[in-house]
Amino acid sequence: MSMSLTLRLACAAGAAWSVGAAAAPNSAYPVPSVQLGPRPFFLAAEMPEGRLKRELNQCARTVQQYRPSEFSIGHRGAPLQFPEHTRESYEAAARMGAGIIECDVAFTQDKELVCRHAQNDLHTTTNILATPLAAKCTTPFQPAVLDGAGNLVTPAKAECRTSDITLAEFKTLRGKMDAFNPRGRTVQEYMAGTATWRTDLYAGPTSGTLMTHAESIALFKKLGVKMTPELKTPVVPMPFDGFTQQAYAQKLIDEYKAAGIAPSKVFPQSFLKDDVLYWVAHEPAFGQQAVYLDDAGVPADLPTATELRVYKAQGINIWAPPTWALLALDAKQQIVPSQAARDARAAGLDLITWSLERSGILADGSNGSYYQTIDAAITREGDVLRVIDVLAKDVGVRGIFSDWPATVSFYANCTGR
């Protein structure tokens with residue numbers, strides 16, 4: 001086969017799997033074409049026979065161009081395979097069609113805002129323990145203790161906070177897959193704990209580019225996506241060196257204003273209701289679509305119908321509980337909306353939920369907390385698409401966080417969302 005013919009065929013195949021997008025306004029940086037890759041199609045083929053499988057497989061056969069969708073939210077980027085909250089992870093999420101991408105916002109010792117899932121996760125999400133900055137960690141690395149038979153006596157531990165280091169120091173680090181090995185007796189062993197269903201292929205010494213919050217805003221603007229920053233709950237006492245919680249919440253909004261980002265493109269989030277109410281009161285243009293995240297661990301932790309109505313009365317418009325909180329099983333073991341989901345909609349709240357693609361293999365019968373209310377109905381990998389379908393059509397969520405946005409983007413394209 002000639003090289004020219006090979007290139008023509010490759011380009012034609014690429015067109016069948018992606019949509020070329022125009023450059024973002026006032027930017028030479030191209031908005032990525034949407035390239036879903038093989039996973040969504042594997043999941044659709046792996047579904048049990050039925051209406052949804054037929055519809056999705058028909059879509060897979062006939063749709064030649066896929067588009068971004070705000071129904072698809074990149075949870076920390078695309079951390080199923082890319083180190084979370086890195087430039088590479090964010091770019092992957094946009095390429096997979098995420099119309100909204102998340103930067104979790106923590107602060108450094110010099111009170112600068114950076115993208116990290118927690119203020120105290122540098123030891124599991126970056127290479128800090130393998131650098132001289134390890135000496136600045138709140139808890140330096142302590143190796144595991146094993147007995148003579150190799151049984152774990154004391155797990156390895158460390159704690160490194162963004163507030164332990166300056167912004168300049170933070171920028172010298174590299175992101176890695178969020179993981180640790182409790183049996184680690186060396187730093188290298190401790191850092192080598194990536195789950196078997198993830199990969200370290202994209203966490204090499206020249207990738208894993210960490211980002212400030214302001215840099216994430218600039219990147220997301222270039223990528224043509226909306227933004228959902230989460231103000232992380234500090235692990236240090238507040239105020240921190242005079243930096244109050246209110247100043248922290250305000251600084252997050254101020255960085256969008258400084259970048260000229262319209263409030264309609266920003267969904268600020270927090271697990272702390274006071275943060276959300278601060279935005280509602282002091283930054284109403286941003287606060288009207290602020291997201292109140294719910295960290296309920298079990299059904300008994302969920303708010304009552306009365307409490308949900310109070311949220312709405314206080315000016316909160318979007319409630320975002322974990323996925324299991326919005327789903328239940330009926331008498332026939334079919335997935336249906338939970339009572340909490342029905343109560344929230346009755347209260348007039350919009351719903352966003354988190355997070356898909358965080359539970360590894362689904363067919364092994366032990367799918368963790370994200371499926372706790374419906375685990376009996378989850379028996380194969382393709383069941384994640386049934387979960388999305390119920391969340392979309394029956395619960396009525398406006399968006400779904402996912403560690404691999406292509407799956408939600410595929411569903412959104414096939415159903416017009």
Side-chain angles (χ1 to χ4, degrees), residues 70-76 79 98 100 102 104 117-118 228-233 267-277 279-280 287-330 335-359 362 367-378 383-384 386-403 405 407-408 411 417:
E70 293 175 21
F71 187 71
S72 178
I73 306 173
H75 180 237
R76 315 184 201 180
I100 304 173
E102 177 187 50
D104 289 327
H117 178 248
T228 184
E230 181 189 331
L231 196 72
K232 299 307 297 188
T233 302
F267 295 82
Q269 317 169 72
S270 181
F271 282 104
L272 297 180
K273 188 197 286 188
D274 284 348
D275 292 339
V276 178
L277 295 180
W279 293 321
V280 169
Q288 67 180 347
Q289 58 183 31
V291 180
Y292 181 28
L293 297 162
D294 195 310
D295 62 356
V298 294
D301 296 336
L302 292 170
T304 65
T306 299
E307 289 171 321
L308 291 166
R309 290 194 295 270
V310 170
Y311 295 171
K312 183 66 176 179
Q314 290 175 315
I316 296 170
N317 293 317
I318 306 174
W319 179 52
T323 300
W324 62 262
L326 298 177
L327 301 173
L329 296 179
D330 65 13
I335 303 172
V336 296
S338 68
Q339 185 62 51
R342 294 194 295 270
D343 290 343
R345 296 310 302 269
L349 293 166
D350 281 351
L351 297 170
I352 289 173
T353 192
W354 50 274
S355 295
L356 296 183
E357 307 276 30
R358 286 192 67 78
S359 299
L362 298 183
N367 300 308
S369 65
Y370 289 102
Y371 293 90
Q372 62 181 277
T373 53
I374 58 169
D375 208 19
I378 305 299
D383 285 336
V384 68
R386 290 201 298 125
V387 170
I388 296 171
D389 192 51
V390 175
L391 288 169
K393 293 181 178 177
D394 300 328
V395 175
V397 301
R398 64 183 291 171
I400 300 175
F401 280 94
S402 176
D403 281 20
T407 303
V408 180
Y411 177 89
R417 295 183 182 274

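What you are looking at is a predicted structure, and each value in this text was computed from that prediction instead of being measured. All values below come from the heavy atoms of this structure, side chains included, with hydrogens, waters and symmetry mates left out.
The backbone N or O of Ala377 sits less than 3.5 Å from a side-chain atom of Arg386, completing a donor-acceptor pair. The closest donor-acceptor contact from the side chain of Thr323 to the backbone of Tyr370 lies at 3.5 Å or more, if one exists at all. Side chain of Glu102 to backbone of Gly74: no donor-acceptor contact under 3.5 angstrom is found. A distance-only check finds a donor-acceptor pair linking the side chain of Asp301 to the backbone of Val298 [under 3.5 Å]. Judged by distance alone, with hydrogens and angles left aside, the side-chain atoms of Ser359 form no donor-acceptor pair with the main-chain N or O of Gly368 at under 3.5 Å.
Looking at every heavy atom in both residues, Ile335 comes nearest to Val390 through O-CG2, 3.7 Å. Taking each heavy atom of Trp354 and Asp295 in turn, the nearest pair found is CZ2-CA, 4.5 Å. Here the shortest heavy-atom pairing between Pro268 and Gln289 reads CD-O, 4.2 Å. Residues Pro321 and Asp294 share a closest heavy-atom pair of CA-CB, 3.8 Å. Minimum heavy-atom separation, Ile100 to Glu70: CD1-O, 3.6 Å. Across all their heavy atoms, Thr353 and Pro322 have their closest contact at OG1-C, 3.4 Å.
Leu272 contributes atom CG, which lies 10.5 Å from atom CG of Leu277 (distance to the nearest 0.5 angstrom). Summarising the geometry, atom CG belonging to Asp104 is positioned 5.0 Å from atom NE2 belonging to His117; distances are rounded to the nearest 0.5 Å. Rounding to the nearest 0.5 angstrom, the gap separating the CG atom in Leu349 from the CG atom in Leu351 is 7.0 Å. From Glu230, atom CD reaches atom CG of Asp275 across 10.0 Å, with rounding to the nearest 0.5 Å. The distance from atom CG of Leu231 to atom CG of Asp274, rounded to the nearest 0.5 Å, is 11.5 Å. Note that CG of Leu293 is 7.0 Å distant from OG of Ser270, once rounded to the nearest 0.5 Å.
Arg76 is not listed as a side-chain neighbour of Phe401, based on a closest heavy-atom distance of 4.5 Å or more. Looking only at side-chain heavy atoms (C-beta outward), Val336 and Asp394 stay at 4.5 Å or farther from each other. With contacts defined as side-chain heavy-atom distances shorter than 4.5 Å, the pair Phe267/Ile73 does not qualify. Residues Val280 and Gln314 have side chains not in contact (no heavy-atom distance under 4.5 Å, counting atoms from C-beta outward). Inter-residue side-chain proximity for Ser338 and Thr373 is flagged as unmet; no heavy-atom pair is nearer than 4.5 Å. Contact annotation: the side chain of Leu302 approaches that of Trp324 to within less than 4.5 Å [non-hydrogen atoms, C-beta and beyond]. You'll find the side chain of Gln269 stays beyond 4.5 Å of the side chain of Ile318, heavy atoms only. Residues Val291 and Trp279 are not in side-chain contact: their nearest non-hydrogen atoms beyond the backbone lie 4.5 Å or more apart.
Note on ring orientation: taking the six-membered ring where Trp is involved, the planes of Trp319 and Tyr311 are tilted (angle from 30° to 60°).
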_From CA spacing to verdict: side-chain contact (heavy atoms from CB on, under 4.5 Å), Ile316, Val310_ = CA-CA 9 Å; Ile316 296 170; Val310 170; over 6 Å; no
*Criterion side-chain contact (heavy atoms from CB on, under 4.5 Å) on Ile388 and Val408, from CA distance to verdict*: CA-CA 7 Å; Ile388 296 171; Val408 180; 4.0 Å; yes
*Step by step, would you call Val387 with Ile378 a side-chain contact (heavy atoms from CB on, under 4.5 Å)?*
CA-CA 9 Å; Val387 170; Ile378 305 299; 3.9 Å; yes
*Passes side-chain contact (heavy atoms from CB on, under 4.5 Å), Phe71 versus Val397? Steps please.*
CA-CA 8 Å; Phe71 187 71; Val397 301; 3.8 Å; yes
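Every side chain to side chain donor-acceptor pair (under 3.5 Å) that Gln339 has, sequence neighbours left out, goes to Arg342, Asp343. Checked against side chain to side chain donor-acceptor pair (under 3.5 Å), Tyr411 has the following partners two or more places apart in sequence or in another chain: Asp389.
Residues in residues 348-358 take part in these salt bridge (charged side-chain N to carboxylate O under 4.0 Å, His left out) pairs, two or more places apart or across chains: Arg39-Glu357, Asp350-Arg398, Arg358-Asp403.
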